[in-house]
Structures are given as C-alpha cells and as structure tokens.
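Reviewing the structure listed below.
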Amino acid sequence: MNISFLGNWRKRRGPASGTALMGAQEEDPQGVAQLLSECELLRARAAAAGIGLDDSTASLEALDQMAPRWRDDPDELPWLGNDAGLYLGTVIVRTVPGAVWQVWPNGRPVVLLASGREVDVVEAGQQWAADGAPELSRCYAEVAEA
C-alpha cells in the first residue's frame, strides 16, 4: 500500500500526536480514508464468521448479527469497537453524498456530513462492540436520513 503522507509522518521526530493525522488529512485525504478503512481486526473476525465486508449497508446488517465472542476478551473489545466505528465511518463516507472524514485536534477521526453535523463513529463502534446497541445498521440509517 502506498500512502503518501506516511513517509513524511515517519520522518518527524518526537511522539506521534493527533496533529500528525490532522496534517495528513489536509495533505492526502484519500490516503487517510484508505488507512481508516483497513479495520484489520474487524475484517478478520467477520471473515471467520463468514461475513464479507464490502463497504455496503448490507455488511453492516450482517455485522449486527455476528455473535459477539469478542466481549469475552477485555483486551480485544476496545480494538474491535474502534475498528467497527472506522468501518461504519467508511461505509458512510463511501455511500452518503457529501460525507467526509475529519480529524479532531486530539487525533480522533469523525465523519463530517454535508449538513455540518459531525458523527463520532468510533464512539458508536465502541458502544456496539460493548453492548450491541445501537446497531451499526441503525446508526447508518440515522446518518443517511440526515
């Protein structure tokens, strides 16, 4: 994978911070979108459950039906929740007209809708991973209506 901003980001000295991702978003928004869409842990768990993640609303519905085995592993739960939120954001950005990724100063990625509303998809994904509610497909439906 060739993501142009990573080379520059790696050359910087000092600890990584949210400003690095913010700057990358300005320089290469498509590269950041590609990076955020990887969701490796979620994709691995979905594949093991026979679910293909094709960035569609149907895949969100399939994830909602997946058995939540990750809840038995307190170390995996936050990572899977983060990936679920990033995947939700990826589906929104790719299917809702005018939706784009935006990075807050603390480095947290959110989805900015054409209306100006910001959607904290990572928080939604973490709630879904922990409780199963709200469902990812329901979050998508609420955003798509706006």
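Between the side chain of Arg108 and the backbone N or O of Val103, no donor-acceptor pair lies under 3.5 Å. Of the possible donor and acceptor atoms, none in the side chain of Asp120 sits under 3.5 Å from a partner among the backbone N and O of Val110. Checked by atom type and distance alone, the side chain of Trp70 pairs as donor or acceptor with a backbone atom of Ala129 at under 3.5 Å. Side-chain atoms of Asp83 come within 3.5 Å of backbone atoms of Leu41 as a donor-acceptor pair (strictly under, hydrogens ignored).
Residues Ile92 and Leu113 have side chains in contact (heavy-atom distance under 4.5 Å, counting atoms from C-beta outward). In this structure, the side chains of Pro134 and Gln127 come closer than 4.5 Å at one or more pairs of heavy atoms.
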- Trace of the side chain to side chain contact (heavy atoms under 4.5 Å, CB included) decision for Val122 with Leu86: CA-CA 6 Å; Val122 172; Leu86 294 176; 4.0 Å; yes
- For Leu112 and Trp101, run side chain to side chain contact (heavy atoms under 4.5 Å, CB included): C-alpha distance rounded to whole Å, both residues' side-chain angles, the deciding distance at 0.1 Å, then the answer. CA-CA 6 Å; Leu112 178 63; Trp101 284 108; over 6 Å; no
- Message: Pair Arg45, Glu76 - check salt bridge (Lys or Arg N to Asp or Glu O under 4.0 Å), show working.
- Response: CA-CA 11 Å; Arg45 295 299 174 263; Glu76 184 173 312; 2.9 Å; yes
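Between the side chains of Gln30 and Gln34, no donor N or O sits under 3.5 Å from an acceptor N or O.
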Less than 3.5 Å apart, which donor and acceptor atoms pair up between the side chains of residues 50-60 and the rest of the protein, not counting sequence neighbours?
| unit_1 | atom_1 | unit_2 | atom_2 | d |
| --- | --- | --- | --- | --- |
| Asp54 | OD1 | Ser56 | N | 3.2 |
| Asp54 | OD1 | Ser56 | OG | 2.5 |
| Asp55 | OD1 | Arg43 | NH2 | 3.4 |
| Asp55 | OD2 | Arg94 | NH1 | 2.0 |
| Ser56 | OG | Ala58 | N | 3.4 |
| Ser56 | OG | Ser59 | N | 3.2 |
| Ser59 | OG | Ser56 | N | 3.4 |
| Ser59 | OG | Ser56 | O | 2.6 |
| Ser59 | OG | Tyr87 | OH | 2.5 |

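The distance from the CH2 atom of Trp128 to the CZ atom of Arg138 is 16.0 Å, given to the nearest 0.5 Å.
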